[in-house]
**Student:** 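Following this message is one structure expressed as structure tokens.
Proteins get letters first, then strands, A, B, ... in listed order; numbering begins at 1 in each.
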Amino acid sequence: MASSKHPVDAGTTASPHRPVDPRASFPELEERVLSRWRERDVFAQSLHRRTGAAPWGFYEGPPTANGPPATHHVLARVFKDIFPRYKTMCGYYVERKGGWDCHGLPVELAVEAELGFTSKEDIERYGIAEFNARCRSLVLSHVEDWNRLTERIGFWIDLDDAYRTLDRDYIESVWWALKTIHDRGLLYEKLKVVPYCPRCGTALSSHELGQPDVYRDVLDPSVYVRLPVTEPRGAAHAGDELVVWTTTPWTLVSNAAVAVDPELIYARVRADDGAVLIVAEELVERVLPSGADVLETFPGSELEGVAYEPPFGFIGRDAYGERGHTVLLGDFVTAQEGTGLVHTAIAFGEDDFRLGEQYGLNVVNPVRLDGTFDERIGPYAGRWVKDADQDLIEDLRARGRLLRAETFEHSYPHCWRCHTPLLYYAKPSWYIATSQRKDRLLAANETVNWYPDHVKHGRFGKWLEGNVDWALSRERYWGTPLPVWRCPAGHVRAIGSLGELEELSGVALADPHRPFVDDVTFLCAQCEDQMQRVPEVIDVWFDSGSMPFAQYHAPHENEEHFRERFPADFICEALDQTRGWFYSLLAVSALLFDRAPYRNVVCLGLILAEDGRKMSKSLGNVVDPWEVIDRYGADAYRWYLFTSKQPWDGYRFSMEAIAEGVRQFLLQLWNTYAFYVLYAHANGVVPEMLGDTEPSELDRWIRSRLQATVEVVRERLDDFDATFAGRAIQELVDELSNWYVRRSRRRFWDGDPAAFATLRECLVTIAQLLAPFCPFVADEIYDNLDGAEPSVHLCDFPEPGARDLELEEAMAIARETVRLGLAARGQAKLKVRQPLRAAVVVATGRERAAIERLGGLVRDELNVHELRFVSQADELAEVELKPNYRTLGPRFGKHMPVVAAAVAGLDGDRAASAVREGRTVAITVGGDDHGLSAEDLVVSMKPLPGYQVEREGSHAVGLELEIDDELRMEGWAREIVHVVQKARQEAGLDISDRIALTLDGDAEALTAARTHESYIAGETLAVRVSYEPLDGPEPVQIEGRELRVGVALAAP
RNA sequence: GGGCGAUUAGCUCAGUCGGUUAGAGCGCUUCUCUGAUAAGGAAGAGGUCCCAGGUUCGAGUCCUGGAUCGCCCA
């Protein structure tokens, strides 16, 4: 805080405090604090000091560092920072190990884009080894950006020892987990219909479908197809036509059956063209809007077994088996949409597939892995299936098999990275049988505290209840290889460590990634044939879900270390991790350890741009974190994120709100601190002088408020509520600056040690409270005012001390009285500078005692000579009585209107004094008498006309408005002080410079000046006052009269 | 279509157990105070508490239905 000018009185002790620039640049200050942290190795020290203390666990949800960090990453990182900092100060050992998520499709896609690849063949031709090498270097390409931002925003996390999911040790731990799951019979391979990306050539897991941007609104064809019944059966006549509906015409070539609901009522209807159609009864109008005659109705069960002619002839009935191209009964059919008869293509729908299994139909899949038809679909072979839709529709139309074709807007899933529409597609995949452990997942969730709590049984709980088996495998390259080997006979062995693999194969793998691991083979223990690894890698979410143990290479190493830190006390991520990391962590831990891996989860919402829309590059409304930091600093950024709202509600980003936080909070605090240092310098105050002081009422008050704030901040932070904890600090700073310091200025000019001691204690304690929130400014204040520790972050978090509740209440009443008095002045248009004889205060009992106790303060603020108390309001106002609904409501219930009327009818003064003296007041309700006591009545004042009275609740303040000559002179003296101070400021004098004061002008003003000369001289540090003609300075106007003020620096 | 959440002043947000004049900050108007402050204080303007029903003596708050927005699922 270089400052060219600050007061240094000759002869005073050199101050231990660096001078403080009241207009400090926070970004610059933060850079200096950062280098101090580096020099003093503060983060490491903060851990070191807690060696052996109870651990408090934090897990870092690993980001992928293949792009620069953005605003929402700042949000996550500052919330990940604040609670570990707090807990460290509370005495816990809070290890914070960084981590990077390294595998997965996004990385592969970036490399593919770099190389101009469009398919898996391109990659295989290029070579998996080289491809993966590129992935490896790309995935950490932005780590430096991340590290720089992480340090700059004050997120303390160990980045030097960060875990990386691509490391050999990490993968080995993941292998252990998979082997354990396999050995428990929970890992299996099965043909299932999965959401499949034909471009990426891999299936997506259900939680990948939970990624943002997966479901997009698209226009698809909506076609109604006629399927003629080939032979009469049940309710169907030969030649009747079943009507089915689909939005994926390309699946019609694979139609295997039609499903109906056995209970649903269907109808044979005659259409315009004379054909007889079969549809669900309640859908007749929607399917045939031009009208149709219902011939008969019957339940769906009567259609079972009806054979029909498929929409296309490419694949014959025999291919599917006996029940091919017949009507089957399904439990998934609804009359919500379509026709109530569901086109079933076994390979392309989950329900379809299950129905096929149930009826023993063969799976026939004429679509290749790249999403094109194979040769079985004759003229369409080689075409991308969705591109064939229109031609297929025309084909149907030409053959008279199309009832209607429209377009239909609906949301449809797309690949979360390459945005290709997904196909539901039957493929063999490896699964983890999480659904078999669903009850354990739910039980684990019960042990977790969620913030906000509705996530527990809402979004997350509901997600768990709908749990399906985890589709684990990916037919890709850059990922943790699935450690499963299989022999031609189908014997399977899962490998749990590299050592185990070496023992079997004799190969010590340096890099367990593909393609190296693919070459490792060994003999099957059962049939002595060669075992070969299955080709898949695993879902990256399993990698990150394994981090509790894999980050330590447990259980191969550090098992105890892991156990001590499991489960984490705290994790924090964006709400979109419900299906992502929150789930994968819970699932992995529930399967392996049968317990939740975390105790408390703080969820974060979405940050919208200033314009209320999503931040997106195309809209040009993205906020670069560096811009915020360079302009306002990390503390301001953090403060905004912590206190502007509850983080899970999401943010509408606002630069202006950050600036407001600087003005309203950081600068307020900073200036209070600068004020302390300025006057400590001016008075030669050093902390050693502040040991034993006699605190004033005001000192005791702010200390009590300080303790109250310590209580609240601890209580809120213990409940992971940074928002209200921060707001409590803000309130305290406001009270400190705008009441305590304002009311204590005189004492600081006079060098009162008690005032210095109090303000210093408040500032140091606030610095400690603020340390987890705004680590930079907090440390700067602490370091300059105290510095007993190398950093505020090495301090213990403040413990609440004794409070004086009576004094806090008294001050609140006194401040209220001041507010009323100032309002009365405002109404009377009387400046505060003009002293008045008296304020008349209506107050009794505790209120009166409180105001009397703090009477000096009230007089000063109101600038009145005395306070007069009246206990009866009639001098100033009429008493108005109202019922206290809170107490009387439960007692009288629906008779409350009668009670209110009875209270209104009471004699206000008499009733008020009666209850004040402890007697009860009688009212009559429904013929019965009831007694009301003080707590049943709300006494308020209604001002009488002609008085300048402000009232609030049960007290009021009136002012005596008469101004005599004496008061008038005093008023003048205050005016003169005011203009002299201005002149001092304009002359660029320092606050402690002594002056020679010359006054010239209006006679009455000069008389006032002479009368109050010592007061004026004292206030303005004038060593002498003279009254001589002046022609230099411009005259100033005071109430229409002129005064010239001459100010000259006096020799010391 | 289903789940979860939100909707309070021009803007950003509080609002406790349901209690009768719904608050704060910013912004605006007028005034005021100032030996720290980019500040502070007073007054004013600004509200169908999303809408409609219901429960209750009493609803911003509880219930039902609806609207809009967001997230998630399908």
**Student:** Would you please confirm or rule out a distance under 4.0 Å between OP1 or OP2 of B:G3 and any side-chain N or O of A:Lys462?
**Tutor:** no

**Student:** Can you check whether A:Gln668 has a side-chain N or O nearer than 4.0 Å to OP1 or OP2 of B:A38?
**Tutor:** no

**Student:** Rounded to whole Å, how long is the line connecting atom CG of A:Asp721 with atom P of B:A14?
**Tutor:** 11 Å

**Student:** Rounded to whole angstrom, note down the P distance from B:G41 over to B:U12.
**Tutor:** 23 Å

**Student:** Both distances under 3.5 Å, Watson-Crick or G-U wobble: report the partner of B:C17, or none.
**Tutor:** none

**Student:** Identify which nucleotide among B:G19, B:C26, B:C57 has an atom closest to any side-chain atom of A:Glu660, counting heavy atoms from C-beta outward.
**Tutor:** B:C26

**Student:** Within less than 4.0 Å of OP1 or OP2 of B:U34, is there a side-chain N or O belonging to A:Arg742?
**Tutor:** no

**Student:** What is the distance, to the nearest angstrom, from the OH atom on A:Tyr885 to the C1' atom on B:G19?
**Tutor:** 9 Å

**Student:** When you match A:Thr1020 and A:Val455 each to their closest nucleotide on RNA chain B, which lands nearer the 5' end?
**Tutor:** A:Val455

**Student:** Between the base of B:A39 and the side chain of A:Ser737, is there any donor-acceptor pair under 3.5 Å?
**Tutor:** no

**Student:** Counting the atoms with a prime plus P, OP1 and OP2 as sugar-phosphate, which does A:Leu667 contact under 4.0 Å by heavy atoms, base, sugar-phosphate, or nothing?
**Tutor:** base

**Student:** Under the salt bridge (Lys or Arg N to Asp or Glu O under 4.0 Å) criterion, do A:Glu780 and A:Arg18 qualify, and how do the steps go?
**Tutor:** CA-CA 10 Å; A:Glu780 179 63 20; A:Arg18 293 186 294 278; 3.1 Å; yes

**Student:** Provide the distance between the two P atoms, one in B:C26 and one in B:U68, to the nearest whole Å.
**Tutor:** 36 Å

**Student:** Please determine, for the side chain of A:Gln664, which listed nucleotide (B:C57, B:G25, B:U20) has the closest atom?
**Tutor:** B:G25

**Student:** When you match A:Asn671 and A:Gln646 each to their closest nucleotide on RNA chain B, which lands nearer the 5' end?
**Tutor:** A:Gln646

**Student:** In whole angstroms, how far is the P atom of B:A38 from the CZ atom of A:Arg631?
**Tutor:** 19 Å

**Student:** When you look at A:Lys438 and A:Glu465, which way does the salt bridge (Lys or Arg N to Asp or Glu O under 4.0 Å) test go after all the steps?
**Tutor:** CA-CA 7 Å; A:Lys438 187 167 95 178; A:Glu465 279 165 22; over 6 Å; no

**Student:** With P as the reference atom in both, quote the distance from B:U61 to B:A6 in angstrom, rounded to an integer.
**Tutor:** 13 Å

**Student:** How long is the line joining CZ of A:Arg886 and C1' of B:C17, in whole Å?
**Tutor:** 8 Å

**Student:** Taking the C1' atom in each of B:G27 and B:U34, what is the distance between them to the nearest angstrom?
**Tutor:** 23 Å

**Student:** Pick base, sugar-phosphate or nothing for A:Thr672, based on heavy-atom distances below 4.0 Å to the nucleic acid.
**Tutor:** base

**Student:** Quick one: label A:Val741 by what it contacts on the DNA or RNA (base, sugar-phosphate, nothing), any heavy atom closer than 4.0 Å.
**Tutor:** base

**Student:** Now, which nucleotide makes the Watson-Crick or G-U wobble pair with B:G60, with each of the two distances under 3.5 Å?
**Tutor:** none

**Student:** Which of the following nucleotides, B:A14, B:C57, B:A36, is nearest to the side chain of A:Arg745?
**Tutor:** B:A36

**Student:** Is it the case that the side chains of A:Gln668 and A:Asn738 hold a donor-acceptor pair, with the cut-off being a distance below 3.5 Å and no angle test?
**Tutor:** yes

**Student:** What is the distance, rounded to the nearest whole Å, between atom CZ of A:Arg743 and atom C1' of B:G40?
**Tutor:** 13 Å

**Student:** Please check if the side chain of A:Asp936 supplies one atom and the backbone of A:Pro883 the other of a donor-acceptor pair under 3.5 Å.
**Tutor:** no

**Student:** Looking only at atom P, what distance separates B:G5 and B:G47, rounded to whole Å?
**Tutor:** 31 Å

**Student:** Over how many whole Å does the gap from A:Phe748 atom CZ to B:A36 atom P extend?
**Tutor:** 12 Å

**Student:** For B:G5, which nucleotide in any strand shown is its Watson-Crick or wobble partner with both distances under 3.5 Å?
**Tutor:** B:C69

**Student:** By the definition side-chain contact (heavy atoms from CB on, under 4.5 Å), identify the one residue from A:Tyr673, A:Phe665, A:Trp639, A:Phe26 that meets it with A:Val777.
**Tutor:** A:Phe26

**Student:** Can you tell me how far C1' of B:C71 sits from NE2 of A:His454, to the nearest Å?
**Tutor:** 11 Å

**Student:** Strictly below 4.0 Å, N to O, side chains only: are A:Arg663 and A:Glu656 in salt-bridge contact?
**Tutor:** yes

**Student:** Measuring only the C1' atom in each nucleotide, how far is B:C11 from B:A74? A whole number of Å is fine.
**Tutor:** 37 Å

**Student:** Taking it one step at a time, do A:Asp752 and A:Arg746 satisfy salt bridge (Lys or Arg N to Asp or Glu O under 4.0 Å)?
**Tutor:** CA-CA 9 Å; A:Asp752 179 346; A:Arg746 166 76 55 182; over 6 Å; no

**Student:** Compare the minimum distances between each of B:C72, B:G40, B:A38 and the side chain of A:Arg459, then state the nucleotide with the smallest one.
**Tutor:** B:C72

**Student:** Has A:Trp749 got its ring stacked on B:G35, by the test of a centre gap below 5.5 Å and a plane angle below 30°?
**Tutor:** yes

**Student:** Give none if B:A42 has no partner; otherwise give the nucleotide forming a Watson-Crick or G-U wobble pair with it, both distances under 3.5 Å.
**Tutor:** B:U30

**Student:** Could you work out the separation of B:G46 and B:G23 based on their P atoms and round it to a whole Å?
**Tutor:** 15 Å

**Student:** Could you state the CZ-P distance from A:Arg663 to B:G25, rounded to the nearest angstrom?
**Tutor:** 14 Å

**Student:** Only pairs with both distances under 3.5 Å count, Watson-Crick or wobble alike; so what is the partner of B:G25 in this structure?
**Tutor:** B:C11

**Student:** Look at A:Asp750 together with A:Arg747 and state whether they make a salt bridge at an N to O cut-off of under 4.0 Å.
**Tutor:** no

**Student:** I want to verify the glycosidic state of B:G25; is it syn or anti under the 90° rule?
**Tutor:** anti

**Student:** Does the side chain of A:Tyr679 get closer than 4.0 angstrom to OP1 or OP2 of B:A36 through an N or O atom?
**Tutor:** yes

**Student:** Using the C1' atom on both, measure B:A24 against B:C49 and round to a whole Å.
**Tutor:** 16 Å

**Student:** Can you see if the side chain of A:His978 gets near the phosphate of B:U34 - specifically, an N or O under 4.0 Å from OP1 or OP2?
**Tutor:** yes

